[in-house]
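Numbers here simply count residues along the sequence, with the first being 1.
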Amino acid sequence: MLNASQLADGWKQLLSRLGSAEELEATAKASGALLRRREIKSAADLLRLALAYGPCGMSLRTAAAWAATMGLGDLSDVAVLNRLRASADWLQEIVGGLLAQRLNCSSATPGRIIRLVDGTTISEPGSDRADWRLHYSYDPRSGRTVDCELTGAQVGEHLRRVKVTAGDIWLGDRNYAKGEGLHHVVQGGADFVVRVSWNSLSLRTSSAQPFDLAKRLKRLGKTERAEWRALAHTPDGKTVPVRLLVRRKPPEAIEREIKRIKEKAARRGRTRRSGKPDPRSLIAAQYTIVATSLDEPAGQIFELYALRWQIEIAFKRLKSLLHIDRLEAKDPDLVRTWLLAHIIAALLIEDHATEALDSPPSALRYAT
């Protein structure tokens, strides 16, 4: 979580990372966030108010009192509410600008670019379901987010949503194992490595015969590794060549996965066996299965997929340090402002951490 002192003594340094004051003023005016300058006189002050309400954890009433003490303006909590509700589109532009700078840096990096993709959900106060979804793309080489999109929870995770550049390698979990998404990636001249389950993809052999992955897994017996080639089909009839790599999990990992599957089946009770899991799921639970368009050795592909832990850690930081999952608002525009302010804070923190890691030890010495 941001500290309020960073919006006071450290504000000028923080603001310098977001572009010039003139650029902020222009975008705030163009987006409609700052048409009336009563009390809040500048785009910088409006941004500071949004960060105070979002990642600094202030309520609307507390933010109003804080704004008065900081000399930003004498605002009621309703006035703060109205200002922040009108700021969502503008904050989205700021997020886009921060991310554009990172993409420019990535394009100058030699070698193939690896992109991790994932999503996380956020619930509104009192809700018993997911209400919002944050779609993230992450660069494991720089340790920074390179793209994000905020949508309603009904918008699922899909590779069709990513911005593909030729030469990229996209890594995704089982939610991204969809034929249309894989086709989107290869059509853009990129490659993919996605985890799959026994029924994630509609698969056929090169001779157009059904490819029964579950049956092939059952036949493996004690075999530790396997590899097959197949064609993944999309609903509209397109095909994508995939290479399926299989590796047996350690015994403790198998035990955990089988336990999870049985507990999930018992909760849902969806099968005809009164809550018993599908036997094919129990067989697949013994293996890690990935589909890829790459031809590198299987061991290297699994090592590549293992990089996904970095985006999972990024989500944990968002929730455990910035508390983005402790959403306090229900109004859609206010929710967007609250979440986007958190994302801006997260991007600034990533930039600061990267700069600190890039600094040589000599740079840390005190000036004499």
Side-chain angles (χ1 to χ4, degrees), residues 1-4 6-7 11 14-15 17-19 23-67 70 72-73 75-99 120-127 130-136 145 147-153 155 318-319 321-349:
M1 181 175 290
L2 280 185
N3 191 300
Q6 293 173 290
L7 301 183
W11 176 240
L14 197 66
L15 188 62
R17 298 174 178 271
L18 297 168
E23 291 172 337
L24 285 176
E25 291 290 333
T27 55
K29 183 176 180 180
S31 67
L34 194 62
L35 297 179
R36 300 176 62 192
R37 296 178 184 266
R38 185 186 307 170
E39 301 302 337
I40 298 296
K41 306 296 185 183
S42 69
D45 287 347
L46 181 58
L47 177 60
R48 187 151 52 151
L49 184 65
L51 292 173
Y53 170 65
C56 281
M58 298 184 190
S59 66
L60 293 171
R61 183 170 297 179
T62 302
W66 174 84
M70 296 298 297
L72 301 187
L75 300 163
S76 67
D77 53 351
V78 174
V80 172
L81 167 66
N82 291 332
R83 288 285 189 173
L84 294 178
R85 288 182 70 250
S87 300
D89 289 343
W90 178 52
L91 296 181
Q92 182 69 68
E93 287 190 42
I94 293 175
V95 169
L98 288 170
L99 293 173
T120 189
T121 57
I122 300 165
S123 300
E124 294 176 1
S127 176
D131 298 295
W132 296 84
R133 190 183 307 276
L134 182 58
H135 307 262
Y136 245 50
T145 307
D147 197 15
C148 67
E149 182 182 8
L150 181 63
T151 69
V155 179
L318 276 172
K319 294 184 175 182
L321 299 180
L322 285 176
H323 307 306
I324 197 172
D325 56 334
R326 299 182 188 178
L327 181 56
E328 297 294 334
K330 291 187 177 181
D331 177 271
D333 288 327
L334 190 60
V335 167
R336 289 181 62 226
T337 291
W338 195 89
L339 293 174
L340 288 166
H342 278 77
I343 294 170
I344 290 171
L347 297 178
L348 292 174
I349 291 170

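Proximity of L98 to T145: side-chain heavy atoms (C-beta onward) are nowhere separated by under 4.5 Å. Contact of the V80 side chain with the Y53 side chain is not registered, since no non-hydrogen atoms from C-beta on lie closer than 4.5 Å. L91 has its side chain within reach of L47: a pair of non-hydrogen atoms, C-beta onward, lies under 4.5 Å apart. Using a 4.5 Å heavy-atom threshold, the side chains of R48 and D45 count as touching. Under the 4.5 Å side-chain criterion, counting only non-hydrogen atoms from C-beta, L318 is in contact with L134. The closest side-chain heavy-atom distance from K41 to L72 is not below 4.5 Å. Put simply, the side chain of D77 does not reach to within 4.5 Å of the side chain of L81, judged on heavy atoms. In this structure the side chain of K29 never reaches within 4.5 angstrom of the side chain of L34, judged on heavy atoms.
In plain terms, the two heavy atoms of S123 and A130 that are nearest each other are OG-CA, 3.7 Å. Across every non-hydrogen atom of W338 and L327, the tightest pair is CE3-CD1, 3.3 Å. Of all heavy-atom pairs between W90 and S31, the closest is CB-OG, 3.2 Å. Shown here for A329 and V335, the closest heavy-atom pair between the two residues is O-CG2, 3.4 Å. Heavy-atom minimum distance, W132 versus E124: NE1-OE2, 3.0 Å. Between A44 and L15, the shortest heavy-atom distance links the atoms CB-CD2, 3.8 Å.
Taking CD1 from I343 and CD1 from I94, the interatomic distance works out to 12.0 Å, rounded to the nearest 0.5 Å. To the nearest 0.5 angstrom, Q92 atom CD is 10.5 Å from T337 atom OG1. We find the CG-CG distance between L339 and L322 to be 11.5 Å, quoted to the nearest 0.5 Å. Between R326 atom CZ and H342 atom NE2 the span is 9.5 Å, to the nearest 0.5 Å. One distance of note links CG of L75 with CH2 of W66; it measures 11.0 Å at 0.5 Å rounding. Once rounded to the nearest 0.5 Å, the distance linking CZ of R133 with CG of L150 reads 11.0 Å.
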Please evaluate residues L60 and L84 with respect to the criterion side-chain contact (heavy atoms from CB on, under 4.5 Å), reporting the C-alpha separation (whole Å), side-chain torsions for both, the decisive distance (0.1 Å), and the verdict.
CA-CA 10 Å; L60 293 171; L84 294 178; 4.0 Å; yes

Audit row: K319, T120, side-chain contact (heavy atoms from CB on, under 4.5 Å) steps and yes/no:
CA-CA 10 Å; K319 294 184 175 182; T120 189; 2.7 Å; yes

Evaluate I122 against D131 for side-chain contact (heavy atoms from CB on, under 4.5 Å), listing each step before the verdict.
CA-CA 6 Å; I122 300 165; D131 298 295; over 6 Å; no

Before you tell me yes or no, could you show the steps for I349 and L321 under side-chain contact (heavy atoms from CB on, under 4.5 Å), namely the whole-Å CA-CA distance, both residues' side-chain angles and the distance that decides it to 0.1 Å?
CA-CA 11 Å; I349 291 170; L321 299 180; over 6 Å; no

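A side-chain donor-acceptor contact under 3.5 Å links S76 to the backbone of A79. Side-chain atoms of R83 do not come within 3.5 Å of backbone N or O of L46 as any donor-acceptor pair.
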